[in-house]
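Remarks on the structure that follows.
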Number of protein chains: 2
Amino acid sequence: MGFERTFGDTIKKLREEKKLTLRTVAEALEIDTSMLGKIEKNSRKPTKSFIEKISKYFSVSDKDLLISFLSDEVVYQVLGDEDYADQVLKVAEEKVEYIRNQKSS
Amino acid sequence: MGFERTFGDTIKKLREEKKLTLRTVAEALEIDTSMLGKIEKNSRKPTKSFIEKISKYFSVSDKDLLISFLSDEVVYQVLGDEDYADQVLKVAEEKVEYIRNQKSS
DNA sequence: TATATTTGGACTAAAGTTGTCCAAAATGGG
DNA sequence: CCCATTTTGGACAACTTTAGTCCAAATATA
């Protein structure tokens, strides 16, 4: 899976590959058409349940889609203001590692 | 700077090393004592302005404190639910890299 | 024991988020 | 070009979250 795209781009591509309309997919997932459009444009966040439904609908990995979304969130958070993105991510990794070791001791 | 601790732990340690009370520091920074206590316990978020003031007050790097705080946020975000933390961070790095290349082209 | 410090609950105001509805804009087939 | 359909995004109300303050209980200190 190509993670360079955003979550929205990813699900939009899945839909367009199958030549389906927003309305068609939205009905299948039982959500508002406009909502689906916004999620594709990353202007509304998918719920966990949405990610489950859409991954099932397109037969793609639920986990991959979730990671795609969560990483978008992290990127968004980390790219504001001053750009210490790399350092912030590096330190975050260290902290995650540290916390893991804590737990298992 | 040891980034294994949380932002709250870090500023608490700075205060205790100088044997200052919450009230003393809070007054110097012109914020509520209780607020400072909560920030030390990571139950309230520091504002950008708070980080600037406290780093100046203790003569430590503003940037380091900011990174400490931002990385806490990322860790918090990434450690919920299923734990794909490593993968999410890795993908986030790739996306940041990707976005950087986009901009400079 | 008396005094100061730390902790956290409760609350209000402000800010942010969600999902829905609707209409304008864009697209595409005939 | 026209019409039907799709896409896009604004506006809104309901709801959730967060921020900051005040206060009192708990804890530490001298």
Side-chain angles (χ1 to χ4, degrees), chain A residues 5-58 65-66 68-81 88, chain B residues 5-55 57-58 65-66 68-81:
Chain A
R5 279 177 282 108
T6 63
F7 176 81
D9 291 340
T10 303
I11 63 170
K12 182 172 189 180
K13 189 157 177 246
L14 285 170
R15 179 175 63 80
E16 291 179 338
E17 277 170 1
K18 303 211 171 176
K19 303 208 190 304
L20 301 171
T21 67
L22 283 171
R23 194 168 61 80
T24 306
V25 177
E27 269 171 18
L29 307 186
E30 295 175 290
I31 65 165
D32 189 85
T33 302
S34 182
M35 192 69 217
L36 178 58
K38 281 165 188 164
I39 295 174
E40 284 191 352
K41 296 186 112 44
N42 304 300
S43 76
R44 281 290 189 286
K45 296 181 186 178
T47 61
K48 189 123 194 307
S49 137
F50 172 85
I51 293 179
E52 284 161 9
K53 284 196 238 164
I54 202 165
S55 60
K56 185 164 289 182
Y57 184 76
F58 286 121
L65 279 190
L66 182 57
S68 170
F69 168 62
L70 293 175
S71 61
D72 277 2
E73 294 273 283
V74 170
V75 168
Y76 176 78
Q77 194 180 63
V78 123
L79 277 188
D81 305 316
V88 170
Chain B
R5 277 176 281 107
T6 64
F7 176 79
D9 291 340
T10 303
I11 63 170
K12 183 172 188 182
K13 190 158 178 246
L14 285 171
R15 179 174 63 79
E16 291 178 338
E17 278 171 1
K18 302 210 173 176
K19 302 209 190 302
L20 301 171
T21 66
L22 284 171
R23 195 168 61 80
T24 305
V25 176
E27 269 172 19
L29 307 186
E30 295 175 291
I31 66 164
D32 189 84
T33 302
S34 181
M35 192 70 215
L36 179 57
K38 281 165 188 164
I39 295 174
E40 284 190 352
K41 296 185 112 45
N42 303 300
S43 76
R44 282 291 189 285
K45 296 182 186 178
T47 61
K48 191 123 194 307
S49 137
F50 172 85
I51 294 179
E52 284 162 7
K53 284 197 237 163
I54 202 166
S55 62
Y57 184 77
F58 285 121
L65 279 190
L66 182 57
S68 170
F69 167 63
L70 292 174
S71 60
D72 277 2
E73 293 274 283
V74 170
V75 169
Y76 175 78
Q77 195 180 63
V78 125
L79 278 189
D81 305 313

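In what follows, chains carry the letters A, B, and so on, assigned in the order in which the sequence lines appear, proteins first and then strands, with residues in each chain numbered from 1. From a predicted model like this one, the values you see are computed outputs, not experimental measurements.
Across the protein-nucleic acid pair, Glu16(B) atom CD and dT7(C) atom C1' stand 14 Å apart, rounded to whole Å. Between the OH atom of Tyr76(A) and the C1' atom of dG16(C) there is a distance of 11 Å, rounded to whole Å. For the pair Glu40(B) CD and dG8(C) P, the interatomic distance rounds to 12 Å; values are reported in whole Å. The separation between Lys12(B) atom NZ and dT5(C) atom C1' is 11 Å, rounded to whole Å. The CE atom of Met35(B) sits 19 Å away from the P atom of dC11(C) (whole-angstrom rounding). Atom CD1 of Ile39(A) is separated from atom P of dT7(D) by 15 Å (rounded to the nearest Å). Atoms NZ (Lys19(A)) and P (dT6(D)) sit 15 Å apart, rounded to a whole Å. Across the protein-nucleic acid pair, Leu36(A) atom CG and dC21(C) atom P stand 16 Å apart, rounded to whole Å.
When distances are taken from the side chain of Arg44(B) to each of dA19(D), dG19(C), dT7(C), the shortest belongs to dA19(D). Here the nucleotide nearest the side chain of Lys38(A), chosen from dT6(C), dC21(C), dG8(C), is dC21(C). The nucleotide whose nearest atom lies closest to any side-chain atom of Lys41(B) is, among dG19(C), dT6(C), dT7(C), dT7(C).
The two atoms that bring Phe7(B) and Ile51(B) nearest to each other are CZ-CG1, 4.0 Å, heavy atoms only. Residue Arg5(A) comes nearest to Asp72(A) through the heavy atom pair O-OD1, 4.4 Å, listed as atom of the first residue, atom of the second, then distance.
Mapping Lys45(B) and Ser34(B) onto DNA chain D by nearest heavy atom places Lys45(B) at the nucleotide closer to the 5' end. Along DNA chain C, the nucleotide nearest to Thr47(A) and the one nearest to Arg15(B) differ in position, and the one closer to the 5' end is contacted by Arg15(B).
Salt bridge Lys56(A)/Glu52(A): absent, no basic N to carboxylate O contact under 4.0 Å.
Side-chain polar atoms of Asn42(B) and Thr6(B) form a donor-acceptor pair below 3.5 angstrom.
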